[in-house]
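This report concerns only the one structure given below.
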Amino acid sequence: TRYISVTGVQTCALPISIEIPLWSRKARQSFWLKLPLRAMFSIDFPSMPYEGWIFAPYLQFNFAHFNHDYWKSSISLGPMYANADYHHYYYGVDSHDVTLKRQAYQGKSGYNGSRFIFSLRKKIGDLMFVVFARHDNLNSVAFEKSPLLKTKRYTLAGVALTWIFKKSPKQVEIIGN
């Protein structure tokens, strides 16, 4: 996974995740517990320093509309937690960046907010069309006193189009995901 930070330096996440199916009704509906843990690195060649980790467990409900060949939706909800290095990378203010309006701040480990995501997707041949909306709530977060935190809630939406240009000759079907 790649991200662009506010400093213009790219970051890279190395994720591991445990995904536990809690309930499924054929290919039409399923309920999952997903436990992703991501180690973050900034990409500032030639170095690639470690910037912290984030743990974002969530529950996800997937459902198909009409039959499994039509639109599919998912709703996800969960908290996020990160260590002090991660929070300092995004919300810390070092002594050389202090101004009259921006005080020094050292990131702390802890709660990183909660997230709600809704997505709608349709697969057509080797193309996947996705529409999504996400709402993040940053009330009571560990970095609440950071001078860089300007809003406690935000919503974003997006559209994605992906193309599967090559498939393995051996396919494994995962029901309900």
Got a donor-acceptor contact below 3.5 angstrom from the Lys150 side chain to the Pro147 backbone?
yes
Please assess Arg115 against Met80 for the test side chain to side chain contact (heavy atoms under 4.5 Å, CB included), listing each intermediate value before the final yes or no.
CA-CA 8 Å; Arg115 176 176 290 170; Met80 299 174 288; 3.5 Å; yes
Listed partners of Lys152 passing salt bridge (Lys or Arg N to Asp or Glu O under 4.0 Å), at least two apart:
Glu144
Do Tyr90 and Leu148 have side chains that approach each other closer than 4.5 Å (heavy atoms only, starting at C-beta)?
no
Residue pair Leu149 / Leu138, side-chain heavy-atom distance below 4.5 Å
yes
Examine the side chains of Trp71 and Ser73 and answer whether a donor and an acceptor come within less than 3.5 Å of each other.
no
Distance from Leu59 atom CG to Lys34 atom NZ, nearest 0.5 Å?
11.0 Å
For side chain to side chain contact (heavy atoms under 4.5 Å, CB included), just list the numbers for Ser42 and Tyr89, CA-CA rounded to whole Å, side-chain angles, deciding distance to a tenth of an Å, and then say yes or no.
CA-CA 9 Å; Ser42 60; Tyr89 180 74; 3.6 Å; yes
Can you tell me how far apart CD1 (Ile16) and CZ (Phe55) are? Round to the nearest 0.5 Å.
9.5 Å
Sorted by chain and residue number, the salt bridge (Lys or Arg N to Asp or Glu O under 4.0 Å) partners of Lys167 (sequence neighbours excluded) come out as Asp126
Counting only heavy atoms from other residues, nucleotides and ligands, does the tally under 6.0 Å from CD1 of Ile18 exceed 12?
no
Could you state the interatomic distance from OH (Tyr86) to CD (Glu51), rounded to the nearest 0.5 Å?
11.0 Å
Are the side chains of Ile20 and Leu35 in touch, meaning some heavy atoms are under 4.5 Å apart?
yes
Distance alone, cut at 3.5 Å: any donor-acceptor contact between the side chains of Asn137 and Ser114?
no
If hydrophobic clusters are built from ILVMFWY residues whose side chains come within less than 4.5 Å, do Trp163 and Val130 share one?
no
May I ask you to test the Phe129-Val159 pair for a side-chain heavy-atom distance under 4.5 Å?
yes
Step-by-step ring-ring contact (aromatic ring centres under 6.0 Å, His included) determination, Phe63 to Phe61:
CA-CA 7 Å; Phe63 52 99; Phe61 179 64; 5.3 Å; yes
Does a side-chain heavy-atom distance below 4.5 Å link Ser119 with Ser74?
yes
OH/Tyr58 to CD/Gln60 distance, rounded to the nearest 0.5 angstrom?
5.0 Å
Note: Leu22 and Trp32 closest approach over all heavy atoms is CD1-C, 4.1 Å
Kindly determine whether Gln29 and Trp23 satisfy side chain to side chain contact (heavy atoms under 4.5 Å, CB included), including the steps that lead there.
CA-CA 8 Å; Gln29 297 175 341; Trp23 173 81; 3.2 Å; yes
Here the side-chain hydrogen bond (donor to acceptor under 3.5 Å, both in side chains) pairs for residues 96-113, sequence neighbours left out, are His87-Asn112
Can you measure from CZ (Arg38) to OG (Ser17) and round to the nearest 0.5 angstrom?
7.5 Å
Does Trp53 form a side chain to side chain contact (heavy atoms under 4.5 Å, CB included) with Leu37? I'd like the steps, not just the answer.
CA-CA 7 Å; Trp53 59 261; Leu37 176 65; 3.8 Å; yes
Is any side-chain heavy atom of His88 closer than 4.5 Å to a side-chain heavy atom of Asp94?
yes
Hey, any chance Phe116 and Leu156 share a hydrophobic cluster, counting ILVMFWY side chains that come within less than 4.5 Å of each other, even indirectly?
yes
So do Arg28 and Asn62 actually touch side chain to side chain, heavy atoms under 4.5 Å?
no
So, does Ser146 use its side chain to make a donor-acceptor pair with the main chain of Tyr91 at under 3.5 Å?
yes
Quick one, Phe31 and Ser24 - any side-chain contact, counting heavy atoms below 4.5 Å?
no
When rounded to the nearest 0.5 Å, the distance separating CE of Met128 from OG1 of Thr162 is 5.5 Å
